[in-house]
Q: 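Following this message is one structure expressed as structure tokens.
Every chain is numbered from 1 and lettered A, B, ... according to where its sequence line falls, protein lines coming before strand lines. Note that these values count all heavy atoms, side chains included, but never hydrogens, waters or copies made by symmetry.
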Amino acid sequence: MKDSIKKDIAEALIKLFNINDNNLIEVNKNVNKHVSSDYYTNVAMRLAKPLKKNPIQIAEEITKNLKAKNNYIVDIAKPGYINFSIKILQKNNIVTEILNTNNLLAGCDVKKPKKFLVEFVSANPTGPLHVGHGRGAVYGNIISKFLKIQGHTVVKEYYVNNFGNQINNLVLSVFSHLDKSLKFDESELYKGKYIEEISKNISLLLEQENLRNNLGDLLKDNKHRKILDRCKTAIIKHVIDDIKNTLNKLDIEFDNWFYESTLFEDNLVDEIIQKLKDSKQTQKTDGALMFLSDEPRVLIKTNGEYTYFASDLAYHDQKMKLYDHIINVWGADHHGYVPRINSGLKALGHDINKLDIHLIQFANLYRGKDKISMSTRKGEFVKLDTLADEIGVDAINYFYLTKNKDQHLDFDLDIAISTNKNNPVYYIQYAHARIEKILNQLPEYNKNSFNPNDLKETSEIELITLLMDFKDMSYKSITSLKPNIMTNYLYDLAQQFHSYYTNVKIIEERIIYSRVYLIAAIQRVIRCGLETLNINAPTEM
RNA sequence: GCGCCUGUAGCUCAGUUGGAUAGAGCAUUAGCUUCCGAAGCUAAAGGUCAGAAGUUCAAAUCUUCUCAGGCGCUCCA
């Protein structure tokens with residue numbers, strides 16, 4: 001509808017002023033409560049200056065030259081708006097359109113599908129996922145889905161940092177737990193229940209090798225290197241399995257688990273360092289190798305170890321070659337790292353427009369007024385598992401997705417577990433279930449036909465207008481990767497429906513079947529929206 | 001000190017590439033059950049869009065500055 005209005009205006013402009021510029025014409029949904037129209041355009045005001053004419057006058061001329069006026073009513077408002085009201089009968093057809101369309105999201109398809117890599121979660125394998133990881137996990141998963149809906153090919157990848165120092169600290173943490181007499185830097189050690197669990201496994205492994213009582217020697221002595229590596233591998237596997245279980249619980253599945261260590265095994269890190277050296281963008285400072293960015297950044301430390309920066313560049317270098325576009329989902333605390341990666345990749349000859357780094361702001365969880373902690377190191381955290389068990393996957397998805405990613409998010413578990421209208425997930429699902437109940441009582445409603453003339457109540461027109469918006473709204477949500485647009489819309493729709501339900505009785509002695517079609521269409525849209533967000537649409541609750 | 005994100009009703013937040021008189025929910029107050037699920041609905045009240053200047057016919061939205069909060073400025077990960 002919006003498109004056909006736009007087309008009509010475009011034709012009028014060519015005819016009147018010989019202006020052929022589609023970017024000039026905006027047709028927007030009217031959100032102003034004091035104006036009753038559906039759409040408006042500001043084109044007359046934008047033309048006022050170049051044409052040196054009064055915008056009202058321009059609006060009048062355009063209005064007179066609109067072609068397909070039979071679908072809508074036009075009026076002009078100061079200082080130069082042209083308002084379009086879709087005729088009610090025309091509007092009401094959206095009901096059957098929704099019910100007869102196979103794929104409501106078909107309009108989101110892109111013309112040229114690309115190969116995407118979406119890298120997300122990628123928490124260091126030094127402990128279980130906690131609630132702090134939840135937002136990035138859910139966000140990464142949903143934008144991957146949105147990209148797929150658009151028709152792109154998407155690979156979801158978890159980048160496992162299994163190489164650096166923090167893994168050594170994890171191993172030491174386990175050993176420290178097994179033998180209290182060993183002395184390490186306490187502040188570097190990981191604590192928490194999971195360390196105990198891992199320790200049990202490792203203890204068994206060491207007993208088999210008769211090394212359980214010689215942990216100190218094991219660490220010092222180079223001849224036990226192989227055993228030590230086996231321990232390390234077993235520890236990482238234990239942590240990764242736990243992470244996989246948690247993600248599984250959230251219905252998040254990765255296509256690929258990429259281990260940092262393979263970059264070194266395949267010599268890729270040295271390759272890109274050589275490349276950077278060749279491009280003369282490195283320098284040696286105090287025995288360390290620096291990359292010359294905004295300021296010198298360390299690639300190889302004085303002690304010969306590689307920094308994360310080095311392996312990250314190797315990782316991205318490889319991915320840039322394999323994909324058309326890469327999205328990294330990072331916590332907002334990493335933002336200072338972005339320019340470094342960009343300049344590094346530029347130096348390696350990559351087009352950095354192919355890389356998008358999505359920074360997710362922190363989410364704070366509350367239980368009533370108590371803030372929930374999430375420090376891995378101290379072992380004081382709530383596992384994401386526990387959260388999933390407590391509030392359910394639907395609530396997790398909804399609450400993490402309902403705010404823009406740039407927005408700090410406070411979310412209260414007491415609301416998420418409540419089963420009343422204070423909980424928006426519940427409220428939306430309830431609308432879906434309520435409709436199901438009615439439709440169940442009228443299984444053969446479609447033996448009666450839909451008559452657009454039946455729906456003339458204000459509440460019905462408002463609902464239909466909302467249904468009409470679904471196409472634009474879902475397009476915007478999916479193509480701009482903003483799930484919060486969808487959550488907000490669904491809440492609005494549920495609200496309108498509940499109000500309608502309370503005020504208009506559908507099952508009466510004389511049933512108006514067009515109303516049944518209307519609520520069926522509402523249910524269809526709610527289900528589609530919820531499924532898009534990985535939230536269940538229950539038929540009863 | 002420098003950089004990124006944020007600042008809209010008491011609270012949590014919407015607000016479309018700049019458009020008309022600023023939008024919800026919660027909380028508060030006052031109402032609504034012989035009737036499809038009250039797991040709900042209706043209404044009232046609540047605003048210097050952090051502040052200032054600028055651009056524009058038009059600014060919550062764009063620019064600059066100031067203030068406040070969060071985060072980052074390691075040869076940490």
Q: Can you check the distance between B/rA44 and B/rA27, where both ends of the measurement are the C1' atom (answer in whole Å)?
A: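 To the nearest whole Å, 14 Å.
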Q: What is the nucleic acid contact for A/Asn404, judged by heavy atoms within less than 4.0 Å: base, sugar-phosphate only, or nothing?
A: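 Contact class for A/Asn404: sugar-phosphate only.
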Q: With sequence neighbours left out, write down each residue that passes side chain to side chain contact (heavy atoms under 4.5 Å, CB included) with A/Ser293, or none if nothing qualifies.
A: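 A/Ser293: side chain to side chain contact (heavy atoms under 4.5 Å, CB included) contacts with A/Phe291, A/Arg297, A/Ser343.
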Q: Which of these nucleotides, B/rC71, B/rU21, B/rC41, is closest to any side-chain atom of A/His498?
A: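 Between B/rC71, B/rU21, B/rC41, the one nearest the side chain of A/His498 would be B/rC41.
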Q: Evaluate the side-chain proximity of A/Leu292 to A/Thr282: yes if any heavy-atom separation is below 4.5 Å, no if none is.
A: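 Not in contact.
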Q: Closest approach to the side chain of A/Asp333, judged atom by atom: which nucleotide of B/rG72, B/rG25, B/rA38 is it?
A: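 The closest nucleotide is B/rG72.
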Q: Tell me: CG of A/Asn364 to C1' of B/rG69, nearest whole Å?
A: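 Taking CG of A/Asn364 and C1' of B/rG69, I get 12 Å after rounding.
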Q: What distance, rounded to whole Å, do you find between the two P atoms, one in B/rA53 and one in B/rU6?
A: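 The same atom, P, in both gives a distance of 24 Å.
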Q: Is there a side-chain polar atom (N or O) of A/Lys421 under 4.0 Å from OP1 or OP2 of B/rA38?
A: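 It does not, given that no N or O in the side chain of A/Lys421 lies less than 4.0 Å from OP1 or OP2 of B/rA38.
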Q: Considering only B/rA20, B/rA14, B/rG25, which nucleotide approaches the side chain of A/Lys403 most closely?
A: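 Of the options given, the side chain of A/Lys403 lies nearest B/rA14.
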Q: Is the phosphate of B/rG25, meaning OP1 or OP2, less than 4.0 Å from a side-chain N or O of A/Gln495?
A: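 A/Gln495 to B/rG25 OP1/OP2: side-chain N or O found under 4.0 Å.
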Q: In whole angstrom, what separates A/Tyr427's OH from B/rA24's P?
A: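 Atom-to-atom, A/Tyr427 to B/rA24, this comes out as 13 Å.
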Q: Is any side-chain heavy atom of A/Lys403 closer than 4.5 Å to one of A/His408?
A: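 When only atoms from C-beta onward are counted, A/Lys403 and A/His408 do not touch, as no gap falls below 4.5 Å.
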Q: Using a heavy-atom cut-off of under 4.0 Å over every strand shown, decide if A/Asp286 touches base, sugar-phosphate, or nothing.
A: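 Base contact.
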Q: Distance between the P atoms of B/rG70 and B/rU63, in whole angstroms?
A: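 Approximately 24 Å lies between the P atom of B/rG70 and that of B/rU63.
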Q: Can you work out whether A/Gln441 or A/Asp410 has the more 5'-proximal nearest nucleotide on RNA chain B?
A: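 Closest to the 5' end, via its nearest nucleotide, is A/Asp410.
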Q: Can you tell me the distance, in whole Å, between the CD atom of A/Glu295 and the P atom of B/rG3?
A: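 Nearest whole value for this atom pair: 13 Å.
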Q: Could you check whether A/Asn446 and A/Tyr513, counting side-chain N and O atoms only, form a donor-acceptor pair closer than 3.5 Å?
A: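 A/Asn446 and A/Tyr513 do not have a side-chain donor-acceptor pair below 3.5 Å.
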Q: Look at all strands and tell whether A/Asn54 reaches a base, only sugar-phosphate, or nothing, counting heavy atoms closer than 4.0 Å.
A: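 No contact at all - A/Asn54 keeps every heavy atom at 4.0 Å or more from the nucleic acid.
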Q: Look at all strands and tell whether A/Tyr337 reaches a base, only sugar-phosphate, or nothing, counting heavy atoms closer than 4.0 Å.
A: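 Contact class for A/Tyr337: base.
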Q: Roughly how many Å apart are B/rU17 and B/rA9, using the C1' atom of each and rounding to a whole number?
A: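 One C1' to the other, the span is 28 Å.
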Q: Given pairs defined as Watson-Crick or G-U wobble with both distances under 3.5 Å, what dot-bracket annotation applies to RNA chain B, with ( ) intrastrand, [ ] crossing, | other strand and . unpaired?
A: (((((((..((((.....[...)))).(((((.......))))).....(((((..]....))))))))))))....
Q: Have a look at A/Thr402 and say if it touches a base, only the backbone sugar-phosphate, or nothing, with a 4.0 Å heavy-atom cut-off.
A: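 Nothing, no nucleic acid heavy atom in range.
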Q: Across the strands shown, which category fits A/Val338 at heavy-atom distances under 4.0 angstrom: base, sugar-phosphate, nothing?
A: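 Answer is nothing: A/Val338 stays at 4.0 Å or more from every strand.
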Q: Classify the side-chain pair A/Asp406/A/Gln361 by whether it contains a donor and acceptor separated by less than 3.5 Å.
A: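 There is no such pair between these side chains.
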Q: Would you please name every residue forming a side chain to side chain contact (heavy atoms under 4.5 Å, CB included) with A/Ser514, sequence neighbours left out?
A: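 Residues passing side chain to side chain contact (heavy atoms under 4.5 Å, CB included) with A/Ser514: A/Phe450, A/Asn451, A/Asp454, A/Leu455, A/Ile512.
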Q: Starting at the 5' end of RNA chain B and moving along, which residue's nearest nucleotide shows up first, A/Asn124 or A/Lys49?
A: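 Nearest-nucleotide comparison on RNA chain B picks A/Lys49.
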Q: Between A/Gln407 and B/rA14, is there a side-chain N or O to OP1/OP2 distance below 4.0 Å?
A: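 The answer is yes; a side-chain N or O of A/Gln407 sits under 4.0 Å from OP1 or OP2.
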Q: Rounded off to whole Å, could you give me the NE2-to-P distance for the A/His335 and B/rC73 pair?
A: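 Between P of B/rC73 and NE2 of A/His335: 8 Å.
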Q: For the side chain of A/Lys29, counting heavy atoms from C-beta on, which of B/rU16, B/rA20, B/rA38 is nearest?
A: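 Within the option list, the nearest is B/rU16.
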Q: If the C1' atom of B/rA60 is compared with that of B/rA14, how far apart are they to the nearest Å?
A: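 After rounding to an integer number of Å, I get 12 Å for this pair.
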Q: What is the separation between atom CD1 on A/Ile341 and atom P on B/rG3, rounded to the nearest whole Å?
A: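 Rounded to the whole Å, the gap is 22 Å.
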Q: Is A/Arg434 near enough to B/rA38 that one of its side-chain N or O atoms lies under 4.0 angstrom from OP1 or OP2?
A: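 Affirmative; the distance criterion is met.
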Q: I want to check one thing: is the phosphate of B/rU42, taken as OP1 and OP2, less than 4.0 Å away from some side-chain N or O of A/Ser499?
A: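 A/Ser499 to B/rU42 OP1/OP2: side-chain N or O found under 4.0 Å.
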Q: Please check if any side-chain donor atom of A/Asp38 sits under 3.5 Å from a side-chain acceptor atom of A/Ser85, or the reverse.
A: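 Result is no, nothing qualifies.
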Q: Should B/rU8 be called syn or anti, with syn set as within 90° of 0?
A: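 Nucleotide B/rU8 adopts anti.
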Q: Which part of the nucleic acid, if any, lies within reach of A/Asn165 when heavy atoms closer than 4.0 Å are counted: base, sugar-phosphate only, or nothing?
A: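 If one applies the 4.0 Å heavy-atom cut-off, A/Asn165 turns out to touch the sugar-phosphate alone, with no base involved.
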Q: Does any part of the side chain of A/Lys6, heavy atoms only, come nearer than 4.5 Å to the side chain of A/Glu26, both counted from C-beta?
A: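 Contact flag for A/Glu26/A/Lys6 side chains = no.
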Q: Just checking, is any N or O donor in the side chain of A/Asn169 or A/Glu188 under 3.5 Å from an acceptor N or O on the other one?
A: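 Yes, a side-chain donor-acceptor pair sits under 3.5 Å.
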Q: Using heavy atoms and a sub-4.0 Å distance, could you list which residues of residues 38-48 of chain A are near RNA chain B? By number, please.
A: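 Only A/Tyr40, A/Asn42, A/Met45, A/Arg46 qualify.
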Q: Among the candidates B/rU17, B/rC76, B/rC26, find the nucleotide nearest to the side-chain atoms of A/Lys301.
A: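 Looking only at side-chain atoms, A/Lys301 lies closest to B/rC76.
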Q: For A/Met290, answer base if it contacts any base atom (sugar-phosphate contacts may also be present), sugar-phosphate if it contacts only those atoms, and nothing otherwise; contact means non-hydrogen atoms under 4.0 Å.
A: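 A/Met290: no heavy atom of the nucleic acid under 4.0 Å.
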Q: Suppose you measure atom C1' in B/rA52 against the same atom in B/rC13; what distance do you get, rounded to whole Å?
A: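 Nearest-Å result for B/rA52 against B/rC13 at atom C1': 26 Å.
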Q: CG of A/Asn32 versus P of B/rU21: gap in Å, rounded?
A: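 The answer, rounded to whole Å, is 8 Å.
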Q: I need the CG-P distance between A/Asp312 and B/rU74, as an integer number of Å.
A: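 Going from CG in A/Asp312 over to P in B/rU74 covers 17 Å.
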Q: Within the structure shown, what part of the strands sits under 4.0 Å from A/Thr302 by heavy-atom distance: base, sugar-phosphate, or nothing?
A: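 If one applies the 4.0 Å heavy-atom cut-off, A/Thr302 turns out to touch a base.
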Q: I'd like the P distance from B/rG18 over to B/rC57, given in whole Å.
A: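 Here B/rC57 and B/rG18 have their P atoms 16 Å from each other.
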Q: Considering only residues two or more places apart or on different chains, which pairs with a residue in residues 476-497 of chain A satisfy side chain to side chain donor-acceptor pair (under 3.5 Å)?
A: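 Every side chain to side chain donor-acceptor pair (under 3.5 Å) pair that includes a residue of residues 476-497 of chain A, provided the two are not neighbours, is A/Thr402-A/Thr487.
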Q: When the distance from CG of A/Asp412 to P of B/rC11 is rounded to whole Å, what number comes out?
A: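 It is 16 Å, rounded to the nearest whole Å.
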Q: Side chain of A/Lys476 only, please: which of B/rU17, B/rC75, B/rC71 is the nearest?
A: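 Output: B/rU17.
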Q: Can you find a side-chain donor-acceptor pair between A/Glu157 and A/Tyr315 that sits under 3.5 Å?
A: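 Looking only at side-chain atoms, A/Tyr315 and A/Glu157 do form a donor-acceptor pair, the distance falling under 3.5 Å.
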Q: With a 3.5 Å cut-off and heavy atoms only, can you find an N or O donor on one side and an acceptor on the other between the side chain of A/Asn420 and the base of B/rA38?
A: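 Donor-acceptor pair under 3.5 Å: no.
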Q: Working note: A/Gln523 + A/Leu439, criterion side-chain contact (heavy atoms from CB on, under 4.5 Å); need CA distance, chi angles, decisive distance, verdict.
A: CA-CA 10 Å; A/Gln523 192 196 37; A/Leu439 297 182; 3.4 Å; yes
Q: Which whole number of Å gives the distance between the C1' atom of B/rC73 and that of B/rG54?
A: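 Approximately 32 Å lies between the C1' atom of B/rC73 and that of B/rG54.
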Q: What residue pairs, at least two apart or across chains, pass side chain to side chain donor-acceptor pair (under 3.5 Å) with a residue in residues 51-60 of chain A?
A: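 Checked against side chain to side chain donor-acceptor pair (under 3.5 Å) - neighbours excluded - the pairs reaching residues 51-60 of chain A are A/Lys53-A/Glu61.
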